[in-house]
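Computation of the quantities below employed the complete heavy-atom set of this structure, encompassing side-chain atoms and omitting hydrogens, waters and symmetry-equivalent molecules. Order of the sequence lines sets the chain letters (A, B, ...), proteins ahead of strands, with each chain counted from 1.
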Number of protein chains: 2
Amino acid sequence: MSHLTKDRILDAARDLFVEHGEGAVTMRAVASLAGVSTMAAYRHFPNREALLLAVMEHGHDKFLAAMSRALSAAGPLERLIASGDAYLNFALANPRDYELMFLRPAQVDLMCAPLAWRDAATFRFLVDRVAECMAAGILHGEDPEMLAFSIWALVHGMVALYLTHKLAADEPTFRALYVSALTAALARA
Amino acid sequence: MSHLTKDRILDAARDLFVEHGEGAVTMRAVASLAGVSTMAAYRHFPNREALLLAVMEHGHDKFLAAMSRALSAAGPLERLIASGDAYLNFALANPRDYELMFLRPAQVDLMCAPLAWRDAATFRFLVDRVAECMAAGILHGEDPEMLAFSIWALVHGMVALYLTHKLAADEPTFRALYVSALTAALARA
DNA sequence: ATCAAACTGTGTACAGTGTACGCATTGCCC
DNA sequence: GGGCAATGCGTACACTGTACACAGTTTGAT
């Protein structure tokens, strides 16, 4: 059954990736963990990079699902803040996924449609949250995209600096920094 | 003269890195470009990672030098803004160096003293600029480190999103975004 | 001046990597 | 049954990092 094999290979790749990082995702290790020959993997993925991209898509879906759970919050501002928290929590809970999705220098030529779509979805989600707040008069300004970008950059920057150890702080301290920096930014917008 | 050989090897590594990216920095290619045998490189660098780290240190020095040139601006706020511009300009002019220094998931065990020092230097430089502005009453708040972190995160986030192609904008548009996001953040601090 | 030790560079060799190619097996449609 | 496409496998090759043993050179002590 081809479909199952493909899934087993992808699962194996995901396991290795989440557990031991990108370097551990070798075609041989993946195939062996999936219980198939090395070359069987090439029947389902043209090359290693494509396999990693598939892992990445999966991560994106998990990520977007986590973000969309923030929509259950009561008001527009609560939804925006919950989205930020969901973003941070996902990044801290799934550092390797976050790294693969957002920290890696993406090869433009591999920017296939499904991935570009997922990238854009992250941004549009945030733009919608900001626009919601603006419509409700909670945030001021007339360009939600602009403000959304600032917020994304701020949160992404904090997360990136933390994950790459540029910030000498333990997790609780970092979370505190995050909260005060983000609320300060929002309070003034 | 060993010293010259080491420099030739490092230069070759830098050339390959800046020109063709990290993947092109193979021990064989570096050694060949430097005109020595492959294993000669191992006489001067314990392994490939150490060679890359040396390239990274060099990048950091270039970076800190570029930043410190911002100190010639007139007032505290001008110096802070010039620092931000220097940061952005360096990142756009040397994307691979920036990527190696600030985007890469740093292996904690390789965080040797010289690198940690250089990392901290970036942050302290920014803290000093912010403290200067606070002392002059141009920026408000009592924790320069906190504000400096926010600013760094914002700028790093914008640069990172741009360099990893998460932002669908050409360079002029991005620079405009940068200016308005940063001045907005500063205007309110 | 001599000799030993340290230093520097080389060639060879090996294990691990991605992956091209061709063959075997299977399931499916006519 | 007779093709036939899809799937999986084994082998082979080029390229990687780097361990190891060796050769030439420099240095320092006697």
(Q) Base, sugar-phosphate or nothing for B/Arg43? Non-hydrogen atoms, less than 4.0 Å. (A) base
Q. Between B/Thr38 and C/dT10, does any side-chain N or O lie under 4.0 Å from OP1 or OP2?
A. no
(Q) For B/Glu142, I'd like to know if atom CD has over 12 heavy atoms of other residues, nucleotides or ligands within 6.0 Å. (A) no
Q. Using a cut-off of 4.0 Å on non-hydrogen atoms, how would the nucleic acid contact of A/Val25 be classed: base, sugar-phosphate, or nothing?
A. sugar-phosphate
Q | Beyond-backbone contact of A/Pro76 with A/Arg129, side-chain heavy atoms, under 4.5 angstrom | A | no
**Q.** For atom CD of B/Glu49 and atom C1' of D/dT16, their distance in whole Å
**A.** 15 Å
Q) Which whole-number value in Å describes the distance from B/Arg48 CZ to D/dA19 P? A) 15 Å
Q. Can you tell me if the side-chain N/O atoms of A/His44 get under 4.0 Å from OP1 or OP2 in D/dG8?
A. yes
**Q.** Distance in angstrom units between A/Met39 CE and C/dT17 P, rounded
**A.** 15 Å
Q | Side-chain H-bond candidate by donor/acceptor type, B/Tyr98 with B/Tyr87, under 3.5 Å | A | yes
Q: Can you tell me the distance, in whole Å, between the CG atom of A/Leu51 and the C1' atom of C/dT17?
A: 14 Å
Q) In terms of the nearest nucleotide of DNA chain C, which residue is placed more toward the 5' end: A/Tyr42 or B/Gly35? A) B/Gly35
(Q) Let's go through B/Glu49 and B/Arg104 carefully: what are the C-alpha distance in whole Å and the side-chain angles of both, what is the deciding distance for salt bridge (charged side-chain N to carboxylate O under 4.0 Å, His left out) to 0.1 Å, and is it a yes or a no? (A) CA-CA 13 Å; B/Glu49 191 62 28; B/Arg104 205 162 192 254; 3.0 Å; yes
**Q.** B/Met27 CE - C/dC14 P separation (whole Å)
**A.** 21 Å
Q: Check the distance between D/dT7's C1' and A/Ile9's CD1 and give it to me in whole angstrom.
A: 10 Å
Q) Closer to the 5' end of DNA chain D via nearest nucleotide, is it A/Ala40 or A/Arg28? A) A/Ala40
Q: Measure from CG on B/Leu4 to P on D/dT26 and round the result to the nearest Å.
A: 13 Å
